[in-house]
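Below is one structure; the comments refer to it alone.
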Amino acid sequence: MARTIRLEPGDLHPDAELRAFLAHVDGMGAVVNFTGLMRPVSKGGEALTGLFLDHYPGMTERTLEAIADDAARRFDVDDMVIIHRCGMIVPGAPIVFVAVASAHRRAAFQAADYLMDRLKNDAGFWKREDSASGSHWIEPTEQDQADRKRWSKTYGGN
Amino acid sequence: MARQNIIFFGKLADQFGRSIRFEMADDIATIAELRNALSNGDGRFAEIMADAAVRACVDGVIVTDDSLVHAGQEIAFIPPLSGG
């Protein structure tokens with residue numbers, strides 16, 4: 001089972017990452033991938049000029065590893081990749097790319113869904129939204145925590 | 001006494017800078033004691049050191065306030081994670 005977890009301080013290219021992932025998938029029948037993009041507006045509807053992801057080198061990577069470990073324990077998946085931006089991001093740019101390979105598609109879809117819910121809650125970043133009127137650090141939301149609770153019941157997979 | 005770096009992330013780094021140098025007395029044994037010492041040494045830190053939502057990391061691992069700490073370890077204070 002191959003796993004790639006990487007922080008990307010520069011541009012994230014989901015197409016290249018998917019191509020690289022597919023080139024190494026060995027014998028699996030299903031690949032599911034997801035790309036998260038920076039929305040150009042805040043939740044309050046204000047136009048954003050950028051998003052800054054602060055991270056703690058070493059500690060942040062370990063949070064991603066732990067999330068991947070949990071997905072691997074829970075779902076019958078083979079290869080996995082998580083690429084996550086850090087630093088300054090412009091509106092519309094990719095922030096995160098995940099891909100999962102499995103023998104069958106159900107586990108791949110569920111694992112990718114699970115990875116994203118976990119990344120949204122537990123990935124070791126501090127996000128700052130920048131707009132014309134100033135900057136604002138994001139605190140965890142109730143919706144993110146509700147998404148995490150989805151997985152506390154048995155949810156298919158293993 | 002030992003000169004110790006304390007590092008900050010997120011909004012705390014905006015407030016205090018990425019790192020500060022702190023004269024850490026030899027009798028500081030736990031994170032709770034370190035929080036007190038930082039507050040007493042500089043009133044700017046009082047609010048965040050009293051804030052339970054601000055957590056300490058020692059050598060890159062989030063720890064509780066009763067955890068042991070000594071000079072020379074990597075010590076950080078972090079606000080709640082935003083997630084990815």
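- No chain of hydrophobic side-chain contacts below 4.5 Å, direct or via other Ile, Leu, Val, Met, Phe, Trp or Tyr residues, connects A:V98 to A:I83.
- Contacts from residues 64-78 of chain B to chain A, taken as heavy-atom pairs separated by less than 4.5 Å, involve B:E74, B:A76, B:I78 in sequence order.
- Residue A:I95 is grouped with residue A:I82 when hydrophobic side chains (ILVMFWY) are merged at heavy-atom distances under 4.5 angstrom, including chains of intermediate members.
- Hydrophobic clustering (ILVMFWY, side-chain heavy atoms < 4.5 Å, transitive): A:I5 and A:L12 are in distinct clusters.
- At a 4.5 Å heavy-atom cutoff, the contact between A:L119 and chain B is made by backbone atoms alone.
- For CZ of B:R44, the number of neighbouring non-hydrogen atoms (other residues, nucleotides, ligands) closer than 6.0 Å is greater than 12.
- At a 4.5 Å heavy-atom cutoff, the contact between A:R62 and chain B is made by side-chain atoms alone.
- B:K11 places a side-chain heavy atom less than 4.5 Å from the side chain of A:E139.
- B:D14 and A:R128 get closest at one heavy-atom pair: OD2-CD, 4.4 Å.
- Taking every heavy atom of both residues into account, A:P57 and B:F9 meet most closely at CD-CE2, 4.3 Å.
- The neighbour count for A:F109 CZ, taken as heavy atoms of other residues, nucleotides or ligands under 6.0 Å away, does not exceed 12.
- Between A:F125 and B:L81, the closest side-chain pair of non-hydrogen atoms is not below 4.5 Å.
- For A:W137, the part sitting under 4.5 Å from any heavy atom of chain B is the side chain, from C-beta outward, and nothing else.
- Taking every heavy atom of both residues into account, A:M59 and B:G60 meet most closely at CG-O, 3.2 Å.
- Both B:V58 and B:I28 sit in one connected hydrophobic cluster of ILVMFWY residues. Membership requires side-chain heavy atoms under 4.5 Å apart, directly or through other members.
- Taking 4.5 Å as the limit, some side-chain heavy atom of B:R18 sits within range of a side-chain heavy atom of A:D54.
- Taking all atoms of both residues into account, the shortest heavy-atom contact from A:A123 to B:G84 is CB-N, 3.7 Å.
- Residue B:E47 qualifies as open at atom CD: its count of foreign heavy atoms under 6.0 Å is 12 or below.
- Interatomic distance, A:L51 CG to B:S82 OG, rounded to the nearest 0.5 Å: 9.0 Å.
- Hydrophobic clustering (ILVMFWY, side-chain heavy atoms < 4.5 Å, transitive): A:W151 and A:L115 are in one cluster.
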